[in-house]
Peer 1: 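Once you've had a glance at the structure underneath, I'll fire off some questions.
Side-chain atoms are counted along with the backbone in the values below, which use heavy atoms only and exclude waters and symmetry mates. In this text the structure is predicted, and so the values were computed from the model without any measurement.
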Number of protein chains: 2
Amino acid sequence: MKKPDTRTSRHPVSAQPRAASRASAAKQTKVVSAKLPLIKLNRTERAAERRQAIIDAAMEEFIARGFAATRLDDIAKRAGVAKGTIYLHFKDKESMFEELIRTAIVPLVGRMQGPPPASGTVRELIEGFALNFIREVATTRRGDIVRLIVAEGPRFPSIADFYYREVVSKGLAGMRALIELGIARGEITNKNLARFPQIMVAPAMIAVIWQSLFEKHAPLDAIEMFRTHLDLIFGERRTT
Amino acid sequence: MKKPDTRTSRHPVSAQPRAASRASAAKQTKVVSAKLPLIKLNRTERAAERRQAIIDAAMEEFIARGFAATRLDDIAKRAGVAKGTIYLHFKDKESMFEELIRTAIVPLVGRMQGPPPASGTVRELIEGFALNFIREVATTRRGDIVRLIVAEGPRFPSIADFYYREVVSKGLAGMRALIELGIARGEITNKNLARFPQIMVAPAMIAVIWQSLFEKHAPLDAIEMFRTHLDLIFGERRTT
DNA sequence: TGATTATGACTGACTAGTCAGTCATAGTTC
DNA sequence: GAACTATGACTGACTAGTCAGTCATAATCA
């Protein structure tokens, strides 16, 4: 009957003495750090704050355990709210997960579309863009979100769809435009590359996956790898 | 409580244990050959056969739902055995999963080490090797195993370790050797490439992930993409 | 027949989701 | 601005299940 317990609950937040919960509910109860009672907030602001706390906690848990193995009790505990509170903000576990991912994806899109076609060579554009991506995504928690999408995507078609529509297709379209510009300017010689913008992105994606799976086995210098890859495309000559 | 989710049954394969439970393994029930003693088998042979049936069924279910959401009852049903039988072959769910992945990885290794340094250019070697990989892995069920490892790896360090040790490090080492050979022969000009054999593999990995997530949105000609990538490395000149 | 293998009903630990009740705060009155 | 009422955000014990793992019994083999 013993449980394999794939998930080792190691919550530093020590369980609150059950009995006291009601008694001192006035102000002492929620020890959780999320609350800073210093600043006065009205109801709406507090609600928004708690919603955010739930989102943060849920993100953390889902990334660590995946959808199915994540317990709402843990999310609630981590967010410093009661479980019922979660249901004031989200319909159920599944739609919470979907909304979470959707919310998390938006910043990615911003980052992808952001850079205006400034001056400089196409290589410089792509390099700046990609280095930014590696720094902002591959190395951070956002990278885990990408992995989470890869992991749960097949079981959440709506998420895969959304991700494809909002990130992948837009990102690839932008990349293709850049490649065509590079071809037009003579920076890129291989005309087929425009058919497979994925190639340009591939090393960055590999870096994301590598970080979360093999970083401890063998650290990977993602930026240097990406530059090397650019050398293959634009010809060797780097001014690092 | 558990409302039967009256509204919106959009997910064909929902992550929700309840909702999707029935749909999955229920249909496939008794197709398995275990109950057809056409050929006389002794105990050992029958046991081995059942074990294999369990492995196949488990693979199927784990790929479709991930570790946590997979039910042993479904595996048993799909394999055409009783649940208890599973425990004659595996200690528990977790070790079954690990052993499964390990078993599934072995063929990958075989495929990776197989090719003896035969004749031909380095490009031909790599191309043959990669096309084989794309045909045998990216396009098939084995590709899903790779995705499964990416998905569950962080929660099963032993699997990630094993995969790194048996597949990744060996594969990259072999690839590095090939790259160095290419450099020595003058086929490859960029010397840095040997530092990042991941680059050579990246398009194939991207293809694997693309297949399982976005195939229905936009089919990807993995082989043509890989050839284009090789053009970047070896210089353009393709005879296909 | 005795040993081995398979079965599936059963157990109990675990969890998504609910809801009656609480209470801090916003609103109203005088 | 003090007293009072209304609101609804929040709580957590509780319900209705779910499912990994067990084991007494049955089937099969040698």
Peer 1: Please list, for nucleotides 3-5 of chain C, all pairs of protein and nucleotide N/O atoms separated by less than 3.5 Å.
Peer 2:
from	atom 1	to	atom 2	distance (Å)
C:dT4	O4'	B:R43	NH2	2.9

Peer 1: One thing to verify: whether A:E49 and A:R46 come together as a salt bridge, which I'm taking to mean a side-chain N less than 4.0 angstrom from a carboxylate O.
Peer 2: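 Here A:R46 does not pair with A:E49 in a salt bridge, since their nearest N and O are not under 4.0 Å apart.
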Peer 1: Could you state the atom-to-atom distance from CD1 of A:I54 to P of D:dC10 in whole Å?
Peer 2: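 Checked: the CD1 to P distance equals 8 Å.
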Peer 1: The criterion is side-chain hydrogen bond (donor to acceptor under 3.5 Å, both in side chains); which residues satisfy it with A:D73, sequence neighbours excluded?
Peer 2: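 A:D73: no side-chain hydrogen bond (donor to acceptor under 3.5 Å, both in side chains) contacts found.
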Peer 1: Looking at D:dG21, does its base get a donor-acceptor pair with the side chain of B:K93 below 3.5 Å?
Peer 2: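 No, no donor-acceptor pair under 3.5 Å.
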Peer 1: Starting at atom CZ of A:F97, determine the distance to atom C1' of C:dT15, rounded to an integer number of angstrom.
Peer 2: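 Spelled out: CZ on A:F97 to C1' on C:dT15 is 18 Å.
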Peer 1: Between C:dC19 atom C1' and A:Y87 atom OH, what is the distance in whole Å?
Peer 2: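 A:Y87 atom OH is separated from C:dC19 atom C1' by 13 Å.
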Peer 1: Measure from CD1 on B:I86 to C1' on D:dA20 and round the result to the nearest Å.
Peer 2: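 To the nearest whole Å, that distance equals 10 Å.
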Peer 1: What residues form a side-chain hydrogen bond (donor to acceptor under 3.5 Å, both in side chains) with B:H89, not counting sequence neighbours?
Peer 2: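 Expected list: none.
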Peer 1: In chain order, what residues pass the side-chain hydrogen bond (donor to acceptor under 3.5 Å, both in side chains) check against A:R165, with sequence neighbours excluded?
Peer 2: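 For A:R165, no residue satisfies side-chain hydrogen bond (donor to acceptor under 3.5 Å, both in side chains) once neighbours in sequence are set aside.
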Peer 1: Between C:dA16 atom P and A:F67 atom CZ, what is the distance in whole Å?
Peer 2: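 Atom CZ in A:F67 sits about 9 Å away from atom P in C:dA16.
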Peer 1: Specify the separation, in whole Å, of atom CG of A:L72 and atom C1' of C:dC14.
Peer 2: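 That distance rounds to 13 Å.
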Peer 1: Nearest to the A:A82 side chain among C:dG8, C:dT18, D:dT11, which nucleotide is it?
Peer 2: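 Among the listed nucleotides, the one closest to the side chain of A:A82 is D:dT11.
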Peer 1: How close or far is atom P of D:dT18 from atom CG of B:D73, stated in whole angstroms?
Peer 2: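 After rounding, the gap between these two atoms is 11 Å.
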Peer 1: Ignoring the backbone of B:R71, work out which of C:dG17, D:dG21, D:dC19 is nearest its side chain.
Peer 2: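 So the side chain of B:R71 is nearest to D:dC19.
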Peer 1: Whether A:E60 and A:R141 form a salt bridge (side-chain N of Lys/Arg under 4.0 Å from carboxylate O of Asp/Glu) is what I want to check.
Peer 2: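 Result for this pair is yes, salt bridge flagged.
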Peer 1: Compare the minimum distances between each of C:dG17, C:dA6, D:dT11 and the side chain of B:H89, then state the nucleotide with the smallest one.
Peer 2: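 Selected nucleotide (nearest to the side chain): C:dA6.
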Peer 1: Could you give the CG-to-C1' distance, from B:D74 to D:dT18, as a whole number of Å?
Peer 2: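 Rounded to the whole Å, the gap is 12 Å.
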Peer 1: Got a sec, which residues hit side-chain contact (heavy atoms from CB on, under 4.5 Å) with A:L213, two or more places apart in sequence or on another chain?
Peer 2: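 Here the qualifying residues are A:I209, B:V150, B:P154.
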Peer 1: So, using side-chain contact (heavy atoms from CB on, under 4.5 Å) as the criterion, who are the partners of B:A202 when residues are at least two apart?
Peer 2: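 Checked B:A202 against side-chain contact (heavy atoms from CB on, under 4.5 Å); matches are A:A202, A:I206.
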